[in-house]
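What follows is one structure encoded as structure tokens, with my remarks underneath.
Each ligand, and each atom within it, is numbered from 1 in the order the structure gives. Please read these numbers as outputs of a predicted model, since none were measured by experiment.
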Amino acid sequence: MTRDSRLSLAEASAVAERLYHIRARAFDLPSERDQNVLLESESGERFVLKLANPAERREVLEAECAVMLHLEPTGLTPRLIRTVEGSAIGRHGSRFVRLISVLPGTTLGTARLHTDALRRDLGRAVGRLGRALTSFDHPAFHRDFHWDLANAERVIGTYLPLVADTALAQRLAAFAAYHRAHVVPMLPQFRRGVIHGDANDYNVLIDEARQSVTGILDFGDMVYSHIVNDVAIAMAYVALSADDPLAAAAAVVAGHHETRPLTEPELEALFSLMCMRLCMSACVAAKQTAERPGDDYLRISQGPLARTLPILAAIHPRFAHYTFRDACGLPPVPHAPRVTAWLAEQSARFAPLIGRDLRTTPVAAIDLSAGGPLVSSEPSENTPAELDRRIQRQLAERGATIGAGGYDEARLIYAWPDEPTGTEPRTIHIGLDLSLAPGSPLHAPLDGVVHGFENAAAHHDYGPVIVLRHRTEGPDAVEFYSLYGHLSVDSLEGLRVGQPIAKGAVFARVGSAPSNGDWWTHVHVQLVTDLLDVPCNVDGVVRASQRRVWKSLCPDPNLILGIRMEELPRQVPTSAIAAARHAHVGDNVRVSYGAHPLNIVRGYQQYLYDDAAHRFIDAYNNVAHVGHCHPRVVRAVSDQLAVLNTNTRYLQVQLTEYAEQLTALLPASLSVCYFTASGSEANELALRLARTRTGARDVIVMDSAYHGHTTTLIDISPYKHAGPGGEGAPDWVHRSPLPDVYRAGGAHADPGSWFASRVGEVIGDLAAKGRRLSAYIAETCPSVGGQIMLPKGFLADVYARVRAAGGICIADEVQTGFGRLGTHFWAFEAHDVTPDIVVLGKPIANGYPMGAVITTRAIADSFDNGMEFFSTFGGSTAACVAGRMTLQVTLDEELQRHALLVGERLLSGLKPLMGEFEIVGDVRGSGLFLGVELVRDRHTLEPAPDEATFVVDRMRQRGVLVGTDGPYHNVIKIRGPMPLSLGDADQVVDTLARALRELPGPR
Ligand SMILES: Cc1ncc(COP(=O)(O)O)c(C=O)c1O
């Protein structure tokens, strides 16, 4: 429609009143061919007034009306409203007018969150619409229409010369050539019918919160065509907005197949069809830009197109076909089951690859998975020589000369330099590795011919590699391949493509570093059902998200090797671990991330790795204080465990030296240590010390506090006893308000003294009841309370009041000690107080079970009342060594200063989020103890726990682990090991901001 034929909004309102008796305000809607106007009636009803393009034939509009009436029962399409005279089509001068209802939802194109669940539902919706359309036809839709995907070739051919960008034009031509050669010949066998023809992301309405489709709009492109085109078009637009276009398209296919099964030729053609839709879009845009330079509507998809087309061009169409089959629950490679069945049937007849029968030769399992101890977390320790040494030791221990393993194994030894950052790394090894002596001869397991060979000499490639081609027997014989990598250089000498290799013949030898790709000494054996047109160097390591497809492309090589299953590394699927956990562990020992728990197999520095060898920034766990598995701590503890690990009943220098070092970092009065095996045990002991010292029993605690899991500690932990399953506080526990300045103290000029006087009131009440105070216990920065920073002056004021009432002041520094706040080594130092008892735990020994209570000589002496104190594991030799080394590393690596630096970087990224997102109510904390509080309303401070959980979940999906906390579970807590780097900090902030941007609903 040309600009000057468009109606003004006032004219549109007048048309609505005249034809439909609807008084409404009018708003412009973006549209291409028709003019669409949104009407909002006085009663709040919403409609779209559609003013047809003057060039539109009445017959076409009648057909559209008929289809809308036909599809109304699906609930997916708008209702057609008749004029006051009862016509489906009204007139305004020479223009045809229709009025339709507005469906609920927002357009897919404007949605912030696109999950695979939504994409799958889109596939379902398109399938439902298609099913309803099978019983519909109209002569007007039997037309030659330029947007009809069946005309893709012609449209692209016509407009390609108008594409100014030559690289883009070449790409479009390549897609079109593939389509012409491979898909066009198949088209005659495709099912045909009336299709919607334009399920683009602005014609699809969704419920963003539920991630489901609520409607499909716009019947202006309906046409009698191949019915598969509807899903192809939906896939094309979904791919445009996705990080992984193929996976996104596959989710649409999966949903569609559920409601309307696709045929095999349709599945095969889908990828090319969806690419053609995007190519058509690029070509038509080029044409329209040439006609109407400066028209923004036409450019909408050109940016994403430019990004997506190269990604799609890099995908082999057969790989896409296999991916779509997998999404439909079919074997990805159609002929793979035939190959594997034949191999299984023939297994007894294959010649042994190594010349000796692997069924009877002792083989040792070599586990190089992400969680396997043969691999070091430190890449420099995985040199070929180191790996060979470790593997040889394992073989010697098991009495074997051959090692085997690695098929479908997630490894972290691959850090491919060519991997684009931000994409999923390739970690899944899909060959089977046999560790053999260098030069060992390899015999062809079955007859074949040389299909390809090369010296893939790049570092960490295959080195010399040979691919043999084979053929199954029988009437439906198919070809398949076996690949052998990391061979000796002379294996390739004299070889020629097409050369027959007889079963049992020696055709290659095992290579060694550096000429074998610079790996440990082994041969990589891989079966391949489709080489995807790669002559030889097919991938041996692939992405975990494409695992099923690759396992069909590359079935288990043991089918031709015959190693006994029990001699291969054992893999326990995550689902089996979850089931066993449910069977044997109490369900309230909670696992994070609900339905998608993480199976963590390795930790190193500030990172954790899951069973797919994917890396996560651990911005959550403060126990691994100096970094997960810090080599100095690991070595010190394992060395000690190999010599002695016993209890405190003997004199041991490890304990005394540690006690001296720890107390040297504390105020002089805190000079006596007791060691325990946990923070809970330490808090229990602290309470006993206070009670023996004062002869009193009552305790004052903070609201929302948590001090441990034992019976007594649940009693003093409102977070537990006042929460689900809690039985409330016993009479000896007295609660004081949580000094949360953001939520409760903002109105007071001096929140510190205001909150302290609330504690004073509790002390007063207690005295009034004739009860005596034994202790005031508080975390110096309440953590489960929501990463709270106590107001200035509060603690000093409270301690003075408590002491005046005869009580002992206990500082629970289990979360905050050892430099975490950056500004001070202990959090209480920031408040100019000296507690009577300090309780330490969590980070104290970098994960080795440990807690400590440190107090004054006087309190310790009164505790020494005749009853022995003994904790079997508390203060054991190895625990003291772990604590000592953790402390030493903290000091040597200046981690307190580092935490301050990284904390400031985090805060400088997090604070601006309060300006960008209304939901970010507060950002607080110090060093690596930070909280981001989410609220639905900045005035009422209504907590946003669901949103916080959503954000935490999305961050995990992008490789960052954080948690939620606070009485309302709406505070995102960022802690993590102290070595968290500046780069990690930036990634945490970016990932958090990205997740906030994806939050459904008004911002
Ligand atoms: C402040 C505080 N105190 C004590 C404990 C109890 O420590 P543990 O779990 O080692 O028994 C915790 C544990 O989360 C804690 O956060």
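- Regarding atom 4 (C) of ligand 1, its nearest protein heavy-atom neighbour is His707 O, 3.1 Å.
- In summary, the side chains of Glu813 and Thr780 do present a donor paired with an acceptor at a separation below 3.5 Å, with no hydrogens or angles considered.
- Remark: Lys720 does not engage Glu727 in a salt bridge, criterion side-chain N to carboxylate O under 4.0 Å.
- Atom 12 (C) of ligand 1 has its closest protein heavy atom at Tyr706 CE2, 3.6 Å.
- Between Asp750 and Ser753, the side chains place a donor N or O and an acceptor N or O closer than 3.5 Å (distance only, hydrogens not considered).
- The ligand atoms of ligand 1 that sit less than 4.0 angstrom from a heavy atom of Ser678 are 10 (O), 11 (O).
- Note: an N/O pair closer than 3.5 Å links Ser680 and ligand 1 by distance alone.
- Using cut-offs of 30° and 60° for the angle between ring planes, the Trp826 and Phe818 rings count as perpendicular.
- Near Gly708, meaning under 4.0 Å from any of its heavy atoms, are these atoms of ligand 1: 6 (C).
- No N or O atom of Glu681 sits closer than 3.5 Å to an N or O atom of ligand 1.
- The side chain of Asn683, and not its backbone, has at least one atom closer than 4.0 Å to an atom of ligand 1 (non-hydrogen atoms only; side chain from C-beta on).
- Scanning the protein for heavy atoms near atom 3 (N) of ligand 1, the closest one is Asp812 OD2, 2.8 Å.
- Salt bridge status for Arg771 with Asp731: present, with a side-chain N to carboxylate O gap under 4.0 Å.
- With respect to Asp892 and Arg632, a salt bridge is recorded, a charged nitrogen being found less than 4.0 Å from a carboxylate O.
- Counting atoms of ligand 1 from 1 in the listed order, those under 4.0 Å from a heavy atom of Glu779 are 1 (C).
- For the 3.5 Å distance criterion, the side chains of His734 and Asp765 fail to qualify, holding no donor opposite an acceptor.
- Remark: minimum distance from atom 10 (O) of ligand 1 to any protein heavy atom is reached at Gly679 N, 2.8 Å.
- Counting protein heavy atoms only, atom 16 (O) of ligand 1 is closest to Gln815 NE2, 2.8 Å.
- If you check the side chains of His721 and Asp715, you find no donor sitting under 3.5 Å from an acceptor.
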